Amino acid sequence: MANLKIVQGDITKLKVDAIVNAANTALSGGGGVDGAIHRAAGPQLSEACLKLNGCPTGEAKVTPAFNLDAKIIIHTPGPIWHGGNRNEPTLLKNCYLNSLKRAVENNCKTVAFPSLSTGVYDYPLDQAAPIAVKTIREFDHPLDVQMVCFDEKTYNAYIAASKA
Ligand code: AR6
């Protein structure tokens, strides 16, 4: 079982083996945590992402972490919320699961996630948090995983999900 810790902070400042990025399917960079990770990692990250030819929603691809204090970045495009009837819960679960698999394949022991899909992609926090918590906790490898919540509202939602 993976061990889950919920913290509040900036994911780009963490010293962990793998940082997960809430990417888009083009892996072209953007706003939110994606923009922050690209700024902190440096311009080489865009070049590395371009070579990957995009990534389908729910899957996960790896690049080096360049100037970040991590070994790798795992890029996963979360689902855009359309009301919940377009397979959003399964796609969100797949983002967490496939990112954890990439971490294990790359011999990572410590992984940090942002709150996937709950920013620009509008996934309701109270529905996203339980999916994240359950998928991480049920993952059958001894990883140390941090959910890094940028704001207090997000932090409170993940704490509530972890206690439910
Ligand atoms: N550290 C941790 N979390 C952060 C940080 C940070 N430095 N900055 C923002 N967040 P979002 P999405 C939080 O919109 O909904 C991009 O343009 C933020 O407060 O970054 O999956 C991509 O290119 C929120 O709680 O990701 C895609 O097009 C969470 O990260 C699209 O946005 C996720 O918000 C992806 O949208």
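Everything numeric in this text was worked out from a predicted model, so none of it was measured.
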| task | Under the side chain to side chain contact (heavy atoms under 4.5 Å, CB included) rule, what do Thr76 and Asn98 come out as? Steps first, then yes or no, please. | result | CA-CA 8 Å; Thr76 185; Asn98 286 318; 5.8 Å; no

| request: For side chain to side chain donor-acceptor pair (under 3.5 Å), just list the numbers for Asn94 and Thr90, CA-CA rounded to whole Å, side-chain angles, deciding distance to a tenth of an Å, and then say yes or no. | output: CA-CA 6 Å; Asn94 289 347; Thr90 302; over 6 Å; no

| query | So Ile6 and Cys149, side chain to side chain contact (heavy atoms under 4.5 Å, CB included) or not? Walk me through it. | reply | CA-CA 7 Å; Ile6 295 155; Cys149 305; 4.1 Å; yes

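Between Arg39 atom CZ and Leu45 atom CG the span is 12.0 Å, to the nearest 0.5 Å. Expressed to the nearest 0.5 Å, how far SG of Cys108 lies from CG of Leu143 amounts to 8.0 Å. Asp144 contributes atom CG, which lies 5.0 Å from atom CG of Asn3 (distance to the nearest 0.5 angstrom).
When all heavy atoms of Ile72 and Asn106 are compared, the pair lying nearest together is CD1-CB, 3.7 Å. The two residues Ile19 and Leu68 come nearest to each other via the heavy atoms CD1-CD1, 4.1 Å. Scanning both residues, Val148 and Ala112, for their nearest heavy atoms gives CG2-CB, 3.9 Å. The two residues Ile74 and Ala103 have their closest heavy-atom pair at CD1-N, 3.8 Å. The minimum heavy-atom distance between Gly29 and His38, with the atom names listed, is CA-NE2, 3.8 Å. In plain terms, the two heavy atoms of Cys55 and Pro77 that are nearest each other are O-CG, 3.4 Å.
Its side chain within the 4.5 Å cluster rule, Leu27 clusters with Leu52 among the Ile, Leu, Val, Met, Phe, Trp and Tyr residues. Applying the under-4.5 Å side-chain rule to Ile, Leu, Val, Met, Phe, Trp and Tyr, the cluster around Tyr121 extends to Ile80, Val120.
Every residue two or more places apart in sequence or in another chain that forms a side-chain contact (heavy atoms from CB on, under 4.5 Å) with Pro130 is listed here: Ala161. Residues satisfying the ring-ring contact (aromatic ring centres under 6.0 Å, His included) test with His141, not counting sequence neighbours, are Phe139. For Glu105, the salt bridge (Lys or Arg N to Asp or Glu O under 4.0 Å) test picks out Arg102, with sequence neighbours left out.
Within the structure, the side-chain hydrogen bond (donor to acceptor under 3.5 Å, both in side chains) test picks out the following pairs touching residues 49-70 (sequence neighbours left out): Thr63-His75.
At a threshold of 4.5 Å between non-hydrogen side-chain atoms, the residues Ser117 and Trp81 do not count as touching. By the 4.5 Å heavy-atom criterion applied to side chains, Glu47 and Phe66 are not counted as neighbours. Between Leu91 and Cys95 the shortest side-chain heavy-atom distance does not fall below 4.5 Å. Using a 4.5 Å heavy-atom cutoff, the side chains of Pro79 and Pro89 are not in contact. Side chains of Met147 and Pro114 form no contact here, defined as non-hydrogen atoms less than 4.5 Å apart. Side chains of Leu4 and Phe113 form no contact here, defined as non-hydrogen atoms less than 4.5 Å apart.
Put simply, Val16 and Val104 are part of two different groups of oily side chains (I, L, V, M, F, W, Y) that touch within less than 4.5 Å, one to the next. When hydrophobic clusters are built by joining Ile, Leu, Val, Met, Phe, Trp and Tyr residues whose side-chain heavy atoms come closer than 4.5 Å, directly or via intermediates, Phe150 is not grouped with Tyr155. Transitive grouping of hydrophobic side chains (ILVMFWY, heavy atoms separated by less than 4.5 Å) keeps Ile73 and Val111 in distinct clusters. The same ILVMFWY cluster, assembled from side-chain heavy atoms under 4.5 Å apart, contains both Ile136 and Tyr158. The cluster map of Ile, Leu, Val, Met, Phe, Trp and Tyr, joined by side-chain heavy atoms under 4.5 Å apart, puts Ile159 and Val145 in the same cluster.
For the pair Asp17 (side chain) and Lys71 (backbone), a donor-acceptor distance under 3.5 Å is absent. The closest donor-acceptor contact from the side chain of Gln44 to the backbone of Gly42 lies at 3.5 Å or more, if one exists at all.
Within a 6.0 Å radius of NZ in Lys134, no more than 12 heavy atoms belonging to other residues, nucleotides or ligands are found.
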